[in-house]
Amino acid sequence: MRIATWNINSVRLRAPLLDELDALASPDVVCLQETKVVDELFPHKVLEARYPYRHARGMKGYNGVAILSKIPFTKTGGRDWCGRQDARHATVTFKGGVELHNFYVPAGGDVPDPAANDKFAHKLDFLAELTDWLAAEAKPRARRILVGDLNIAPLEADVWSHKQLVNAVSHTPVEVEALGRMQAAHDWVDAVRHFAPDEQLFSWWSYRSKDWRASNRGRRLDHVWVTPALKGKLKGFEILTDARDWPKASDHVPVLIEIHV
DNA sequence: ATGGTTGCCGTGCAA
């Protein structure tokens with residue numbers, strides 16, 4: 001099974017790019033974030049030929065997640081977090097029992113101080129609530145995959161400059177520690193770092209750059225995690241860096257893993 | 001230290 005996660009930054013605007021993604025990497029499952037559309041207006045028609053199975057949870061203008069699949073799933077769902085109905089979680093279960101969770105973690109604004117910045121406080125609250133939930137759900141033999149835009153680049157090799165970003169939201173110690181607790185809550189394996197533990201890897205480059213490739217000030221914000229029961233089934237990963245140059249590109253690029261399930 | 005761009009909508013806000 002080939003699974004892609006991609007912050008598409010408006011699924012209506014960029015639905016045609018899903019054809020590019022299919023031609024280049026032929027994922028069986030695509031998990032999207034920032035779809036920015038209510039479920040009634042989700043572009044099912046243009047996607048149904050390629051992805052017959054779809055599960056979307058969206059809202060108007062902001063956030064929104066979706067799972068597109070060539071492989072049938074039996075169960076669909078998604079929770080609300082921090083008492084908000086803001087469409088940051090979608091989940092499906094495939095025949096055979098593998099559970100897939102797609103998250104869009106709050107970005108957290110600009111100021112990394114929860115007392116001064118409500119959006120940063122929300123991000124930390126979201127991670128803490130998610131951590132508690134994962135710990136409660138954890139089972140030793142569970143076959144689960146967690147993907148999404150987690151909006152945190154935890155390792156030094158996940159950012160273009162650890163020194164210059166250590167106080168920037170997405171790479172601060174308080175966020176990295178929170179993500180570490182979340183990962184420990186279900187003993188998650190970082191599927192990309194499983195194959196490339198030290199290599200500098202990015203999945204996002206800001207729009208606010210004249211030449212993203214030349215400056216290469218990227219961050220790895222998009223992640224794929226699997227439970228220990230699936231660790232031995234991982235076959236490889238791919239980051240579609242060239243997608244950052246597609247016409248009308250998203251600021252994130254697709255991250256893929258291949259897993260034998 | 002500042003400002004740089006994009007998408008949602010039709011204004012600022014979130015990223």
Side-chain angles (χ1 to χ4, degrees), chain A residues 5-18 20-21 31-43 46-47 56-66 80-89 102-114 116-127 147-154 158-161 163-172 174-175 178-179 202-223 241-255:
Chain A
T5 179
W6 189 23
N7 180 322
I8 196 170
N9 188 14
S10 171
V11 70
R12 284 185 291 179
L13 188 69
R14 293 188 234 281
L17 294 183
L18 288 164
E20 297 289 322
L21 174 58
C31 297
L32 301 174
Q33 303 86 34
E34 286 208 83
T35 53
K36 297 190 176 181
V37 65
V38 291
D39 296 344
E40 294 70 36
L41 298 175
F42 192 85
V46 299
L47 298 174
R57 296 190 73 215
M59 61 185 289
K60 184 180 177 178
Y62 299 104
N63 309 332
V65 285
D80 293 328
W81 304 87
C82 300
R84 307 185 190 202
Q85 296 182 3
D86 56 0
R88 294 179 180 276
H89 177 213
N102 178 16
F103 284 99
Y104 176 53
V105 171
D110 291 328
V111 180
D113 174 3
N117 173 9
D118 290 343
K119 291 197 280 282
F120 194 73
H122 178 217
K123 183 177 197 173
L124 297 180
D125 290 347
F126 188 99
L127 292 165
V147 311
D149 177 2
L150 305 185
N151 264 315
I152 297 173
D158 292 334
V159 292
W160 65 274
S161 166
K163 193 178 168 185
Q164 291 185 75
L165 292 175
V166 71
N167 292 316
V169 170
S170 77
H171 192 59
T172 64
V174 63
E175 292 166 89
L179 193 72
F202 306 144
S203 65
W204 171 90
W205 293 261
S206 172
Y207 282 127
R208 303 171 193 178
S209 162
K210 275 197 173 64
D211 186 335
W212 70 272
R213 203 187 282 274
S215 56
N216 197 25
R217 296 187 167 191
R219 308 177 196 178
R220 189 175 71 108
L221 304 177
D222 303 277
H223 300 269
T241 303
D242 288 347
R244 190 61 182 74
D245 269 337
W246 287 349
K248 298 284 280 175
S250 169
D251 46 355
H252 295 251
V253 300
V255 176

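Chain letters run A, B, ... following the sequence lines, proteins first and then strands; every chain starts at 1.
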Starting from [atom2] on [N], measure out to [atom1] on [X] and report it in whole angstrom.
X        : N      : atom1 : atom2 : result
A:Leu150 : B:dA15 : CG    : C1'   : 16 Å
A:Arg14  : B:dT6  : CZ    : P     : 10 Å
A:Tyr104 : B:dA15 : OH    : P     : 5 Å
A:Asn7   : B:dC8  : CG    : P     : 12 Å
A:Lys60  : B:dT11 : NZ    : P     : 13 Å
A:Gln33  : B:dA15 : CD    : C1'   : 14 Å

Just call it for A:Arg217: base, sugar-phosphate, or nothing, with non-hydrogen atoms closer than 4.0 Å on any strand.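 Answer is nothing: A:Arg217 stays at 4.0 Å or more from every strand.
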Answer with base, sugar-phosphate or nothing: what part of the nucleic acid does A:Lys119 contact at a heavy-atom distance below 4.0 Å? sugar-phosphate
Per A:Arg12 side chain, nearest of listed nucleotides B:dT5, B:dA15, B:dC8: B:dC8
Intermediate values then yes/no, side-chain hydrogen bond (donor to acceptor under 3.5 Å, both in side chains), A:Asp125 and A:Trp81: CA-CA 9 Å; A:Asp125 290 347; A:Trp81 304 87; over 6 Å; no
Those residues at least two apart in sequence (or on a different chain) that pass side-chain contact (heavy atoms from CB on, under 4.5 Å) with A:Asp39 are A:Ala56
For nucleotides B:dC9 and B:dA15, find the distance between their P atoms and express it as a whole number of Å.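 The answer is 16 Å between these two P atoms.
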Atom C1', compared across B:dG4 and B:dA14: separation rounded to whole Å: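 My reading of the C1' atoms in B:dG4 and B:dA14 gives 16 Å.
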Cation-pi, A:Trp204 ring and A:Arg219 (6.0 angstrom, 45 degrees): no
Taking the side chain as every heavy atom from C-beta outward, state whether A:Lys60 and A:Leu41 have any pair of such atoms under 4.5 Å apart. no
